[in-house]
Amino acid sequence: MNISVKKGLPACICIVSLFAFYLFRTVPQSRLWKGYTVLYVTSEILSEADVVSVLTQNGCEGVITKSAQREPVVSPLSPLQMLSQDSYLHRRNAFFQDAGKSSMVFYVPDTESQALSRSIHSLEAASGTKCGTDSASSLPYLAPVCSILFMAAAVALSKGRRRIYMILAAVFFLALNFSRPMFTVAACSSLSAAGFFIMLKLFGRKGCVQRVSRSPLAVLLLVAPVFILCASNPVNALLYVLACAAAVSAMYVYDVAEALYYSRFENAFSPVPIRSAFGMRLVSERDVQTLSGLSLTCILLLAASVLGGRVQAAGSATDRPALPAPVSRADGLLPDLDDFIAWSWKTASFPYRRLQTQELTDAVAEVYPEEGTRITVPVFSETANGVTAGEETKLVFNNEFRESVFDAVKKASYPALEQMLLKQGRTARYAFVRGGAVSAERLGTALLLACAVISAGLTLYFVLGRRMYGFGK
């Protein structure tokens with residue numbers, strides 16, 4: 001009975017893993033904005049206040065709306081100021097409508113996805129109302145393709161039984177890649193596949209488990225991905241562990257099936273490894289070639305993720321209206337953080353500027369000041385020689401001023417549009433787009449960089465130490 005359980009458990013692990021990959025399959029959702037989902041509503045009867053009420057009733061919190069916006073910077077000496085028609089405060093209202101000015105636009109934090117789904121159902125129930133979001137399924141096909149190419153190369157470099165084992169392991173790692181088509185999953189699967197490629201020469205030999213558990217190489221290639229994926233998504237980490245367990249189980253099932261096959265023939269010869277795992281050299285020249293391929297794969301995945309995660313140019317028509325979004329090139333219709341800083345400087349310096357200068361500048365839009373621009377006021381002091389005149393610096397346009405403005409935005413007690421703009425990056429530009437949404441993983445770039453550093457570091461270590469390991473010329 002114990003033998004049956006011992007032989008049946010690995011097969012069950014393989015089946016359960018494939019079922020789990022199917023059950024927890026997902027396709028990354030692309031969005032126009034980092035951290036926010038854009039909700040657009042076109043209605044003949046609902047006003048902005050009505051839509052906000054529906055969102056509130058369904059539990060949506062932190063929604064950035066037009067009516068909730070305030071002046072992010074206020075001068076205590078002059079809280080009320082005249083605004084030009086091209087002022088930043090007027091221009092930012094364009095963020096709350098589509099390009100055709102027919103739809104209202106709201107920005108909902110990603111953490112409110114469930115409440116947003118309920119709100120959409122409620123809004124769609126209203127007559128003459130159409131709504132939608134910028135979310136769309138986006139398959140980053142480069143992630144599984146890079147992983148497929150690397151594993152195919154690993155299989156090609158394998159020989160004999162090692163090739164069969166490598167194919168069995170690759171099946172489960174590729175199944176994981178297609179179940180969770182993400183760059184971090186592809187990179188970690190490739191790391192693990194390289195680990196299996198190197199460790200497979202020990203499989204089935206006496207002392208295999210002890211040798212693998214004591215190897216720093218196995219820790220870096222097989223265990224490190226668990227922590228990397230945990231930082232991104234714990235579900236990915238659990239499925240990765242299951243993929244590793246299924247790969248080992250599949251190899252064990254193959255050995256049992258092979259032994260059963262040989263046992264049916266009286267004169268059949270069943271090969272048995274002679275040397276123990278501790279008598280095998282772990283890294284050979286072929287393994288270094290695999291590590292080099294792993295480094296290239298991780299670097300390609302990192303580059304694809306970074307380039308794919310950048311802001312997109314306007315274009316790519318879809319069924320949704322043209323919505324505000326970060327872009328690589330702006331058309332000037334939507335303001336950015338430079339416009340916000342220029343307005344903040346004009347607002348903060350208002351009480352200190354001369355009246356005749358004030359009359360000329362208030363009629364035009366804000367201009368980004370030159371670095372180091374100073375605002376001074378005359379001061380008088382009494383000395384032994386009488387009253388002397390001087391100047392006192394009130395404001396200096398420099399990095400300190402900009403940081404003070406951004407700090408005020410971060411501390412705002414209401415859902416400010418500028419908080420969302422800061423999240424996109426200080427150099428981002430904005431325009432109306434129909435497509436161009438991108439998907440991003442949590443800490444994706446940093447985790448992919450970690451995978452690239454691990455693979456490149458191991459490759460460099462063994463290349464430099466090739467004579468030590470016996471495969472250098």
Does some side-chain heavy atom of [Y] sit less than 4.5 Å from a side-chain heavy atom of [X]?
X	Y	answer
Leu217	Phe462	yes
Leu333	Tyr430	no
Asp134	Tyr40	no
Asp50	Ser47	yes
Leu242	Leu176	no
Leu294	Phe197	no
Thr297	Leu149	no
Met151	Ile167	no

Heavy-atom closest contact ([X] atom, [Y] atom, distance):
X	Y	value
Ser215	Met199	OG-CE, 3.8 Å
Arg91	Pro335	O-CD, 3.7 Å
Pro324	Trp33	O-NE1, 2.9 Å
Leu221	Ala194	CD1-C, 4.2 Å
Thr26	Pro181	O-CD, 3.0 Å
Ala193	Met166	O-CE, 3.4 Å

Check against side-chain contact (heavy atoms from CB on, under 4.5 Å), Val38 and Arg320: CA-CA 11 Å; Val38 179; Arg320 67 174 180 240; over 6 Å; no

Has [X] got a side-chain atom pairing as donor or acceptor with [Y]'s backbone, closer than 3.5 angstrom?
X	Y	answer
Ser179	Ala175	no
Arg163	Val155	yes
Asp98	Ser103	yes
Ser122	Arg118	yes
Glu418	Phe340	no
Ser17	Cys14	yes
Gln69	Leu417	yes
Ser119	Ala115	yes
Ser232	Ile228	no

Chi angles and distances behind the side chain to side chain donor-acceptor pair (under 3.5 Å) call for Ser189, Ser147: CA-CA 7 Å; Ser189 296; Ser147 187; 5.4 Å; no

Going from [atom1] on [X] to [atom2] on [Y], what distance comes out if it is rounded to the nearest 0.5 angstrom?
X	Y	atom1	atom2	result
Thr111	Leu116	OG1	CG	10.5 Å
Ile120	Leu55	CD1	CG	9.0 Å
Cys451	Leu302	SG	CG	9.5 Å
Ser292	Asp287	OG	CG	10.5 Å
Leu395	Ser349	CG	OG	6.5 Å
Leu39	Tyr107	CG	OH	11.0 Å

Check: Asp110/Thr37 side-chain N/O donor and acceptor closer than 3.5 Å: yes

Donor-acceptor side-chain pairing of Ser404 and Glu400 below 3.5 angstrom: no

Set of ring pair (Phe, Tyr, Trp, His ring centres under 6.0 Å) partners for Phe196, sequence neighbours left out: Phe173

Intermediate values then yes/no, side-chain contact (heavy atoms from CB on, under 4.5 Å), Ile64 and Phe96: CA-CA 9 Å; Ile64 298 176; Phe96 300 99; 3.9 Å; yes

Inspect the surroundings of [atom1] in [X] and state if more than 12 heavy atoms from other residues, nucleotides or ligands are less than 6.0 Å away.
X	atom1	value
Phe401	CZ	yes
Glu371	CD	yes
Glu124	CD	yes
Tyr368	OH	yes

Qualifying residue for side-chain contact (heavy atoms from CB on, under 4.5 Å) with Thr56, from Val52, Asn58, Val54: Val52

Residues Gln424, Met420; criterion side-chain contact (heavy atoms from CB on, under 4.5 Å); working and verdict: CA-CA 7 Å; Gln424 314 312 307; Met420 184 176 68; 3.7 Å; yes

Quiz item: cation-pi between Arg25 and Tyr22, 6.0 Å / 45°: yes

Phe21 six-ring centre to Arg180 NZ/CZ under 6.0 Å and within 45° of normal: no

Lys/Arg N to Asp/Glu carboxylate O, Glu403 vs Arg426, below 4.0 Å: yes

Working for side-chain contact (heavy atoms from CB on, under 4.5 Å), residues Phe24 and Leu238: CA-CA 11 Å; Phe24 292 99; Leu238 290 174; over 6 Å; no

